[in-house]
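Sequence positions, counted from 1, serve as the residue numbers for this chain. Atoms considered below: every heavy atom in the structure, side chains included; atoms not considered: hydrogens, waters and symmetry mates. Order of listing sets the numbers, starting from 1, for every ligand and every atom in it. Remember, it's a predicted structure, so these values are computed and weren't measured experimentally.
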Amino acid sequence: MSSSASRPAPRPARKAVIPVAGMGTRFLPATKAVPKELLPVVDRPALEYIVEEAARAGLPEVLMVTGRGKAAIEDYFDRNPELETALEKKGDAGRLAAVHASTNLAQVHFVRQGEAKGLGHAVLQAAAFVGNEPFAVLLGDDIIDARDHLLEHMLAVQAEHGGCVIALLDVGMENIDKYGAVAVEPGAHPAVDGDEVVTVTGLVEKPPADEAPSSLAIIGRYVLAPEIFEVLRETAPGRGGEIQLTDALATLVARGEPVHGVIFSGRRYDTGDRLDYLKAVIQLASERDDLGPPLRAWLQEFVAGLPAEGASPS
Ligand code: UTP
């Protein structure tokens, strides 16, 4: 590994890796046969929002790390000539455009993980695709609102300062045991659009609240230096018996390699969590021009008719 002093000027990241091989146990039984990344958020799979985000951030080359039971994901990002012909015959230009959108977003490639051995192991499957360049990782069930620009900010930090960049969110001490938690120091770099940039000094995966270094959690966006692969190859299974990306990043920090954190101040939806998923669907649908007005009217009536908290619904 090169020391920070001898590191060549960083090249901007151009490739995105989206791991989608996880088992989605929090969303069973729905995810027994349907990948959680394809659950619809209003009328599009969660994963389409994420590929859109990568393309918007200037990352047109996307690798999905898939696994058994995830074939529908490959179908979704492929052409469907029969369906297209049927829509053409009907003159349904709107739906035809929507069907085309998923195939036109980016150049999507696939590799299989074989066994769901953890996020770190999933990222390791991208080594040949990535080569010796920095790259972004976007988790397949974590949606960042299109009006916020978290990934762009992270890419800018990486291009300027090198090393790795992770996205952080203050989830409160009561929730930190569900996430990777970090210790940070104020960074020497200015905030980007309200998102504070910090230096990460320690990381631990899913710590009990009384052992967590802070309430700052790692969320599903990373911009990584290619050195991560060599570390992942040496990383033993950690929490839950899985090869953890958090542990590999902790090794980089311990070696003195720079890991920056961008503290996100915008809107994020964890669609792998049932409650967050419901909130995402309602919020994004209520903001849409087509569905918003009738949905908002219904929601107001519905909320007005809700029983007081603690009482059971009739
Ligand atoms: P999660 O921990 O949220 O995914 O991993 P999971 O294991 O599917 O979810 P639960 O906790 O059982 O409900 C974050 C991302 O990493 C991928 C998942 O598909 C998800 O997008 N992942 C996770 C892999 O690709 N491979 C793995 O071995 C683990």
Pair Asp177-Lys206, salt bridge (Lys or Arg N to Asp or Glu O under 4.0 Å): steps then yes or no: CA-CA 4 Å; Asp177 60 348; Lys206 299 193 175 77; over 6 Å; no
Check against salt bridge (Lys or Arg N to Asp or Glu O under 4.0 Å), Glu230 and Arg255: CA-CA 13 Å; Glu230 140 204 349; Arg255 287 184 186 177; 3.4 Å; yes
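The 12-atom threshold is not exceeded at CZ of Arg95, counting heavy atoms of other residues, nucleotides or ligands nearer than 6.0 Å.
Scanning Arg274, Lys36, Lys178, Met23 for the heavy atom closest to atom 1 (P) of ligand 1 points to Lys36. Taking each of Pro19, Gly22, Gly114, Gly240 in turn, the one with a heavy atom nearest to atom 21 (O) of ligand 1 proves to be Pro19.
Ranking protein heavy atoms by distance to atom 28 (O) of ligand 1, first place goes to Gly118 N, 2.8 Å. Closest to atom 26 (N) of ligand 1, if we only count protein heavy atoms, is Gln113 OE1, 2.7 Å.
Under a 4.0 Å heavy-atom criterion, Glu115 is not in contact with ligand 1.
A donor-acceptor pair under 3.5 Å is formed between the side chain of Ser214 and the backbone N or O of Val182.
Between the CG atom in Leu169 and the CG atom in Asp142 there is a gap of 9.0 Å [rounded to 0.5 Å].
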Going by atom type alone, with no hydrogens or angles, which donor-acceptor pairs under 3.5 Å involve a side-chain atom of residues 240-247 and a protein atom two or more places apart or on another chain?
residue: Gln244; atom: NE2; partner: Arg239; partner atom: O; Å: 2.8
residue: Thr246; atom: OG1; partner: Glu205; partner atom: OE1; Å: 2.5

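Contact annotation for Ala122 and ligand 1: only side-chain heavy atoms (C-beta onward) come within less than 4.0 Å of the ligand. Looking at Arg26 against ligand 1, both its backbone and its side chain come within 4.0 Å, counting heavy atoms. At a heavy-atom distance under 4.0 Å, atoms from both the backbone and the side chain of Thr25 approach ligand 1. The side chain of Glu37, and not its backbone, has at least one atom closer than 4.0 Å to an atom of ligand 1 (non-hydrogen atoms only; side chain from C-beta on).
Some N or O of Gly140 is nearer than 3.5 Å to an N or O of ligand 1, by distance alone. For ligand 1, the polar-atom distance check against Gly272 finds no nitrogen or oxygen pair separated by under 3.5 Å.
Geometrically, Arg44 engages Tyr49 in a cation-pi contact defined by less than 6.0 Å to the ring centre and at most 45° from the axis.
Atom 12 (O) of ligand 1 is flagged as protein-proximal [any protein heavy atom, distance under 4.0 Å].
Interface atoms of ligand 1 facing Ala116, defined by a heavy-atom separation under 4.0 Å, are 28 (O). When each atom of ligand 1 is checked for a heavy atom of Ala21 under 4.0 Å away, the hits are 19 (O), 24 (C), 25 (O), 26 (N).
Donor-acceptor pairing under 3.5 Å is lacking for the side chains of Thr271 and Asp141.
A salt bridge does not link Asp270 to Lys178: none of the charged side-chain nitrogens sits closer than 4.0 Å to a carboxylate oxygen.
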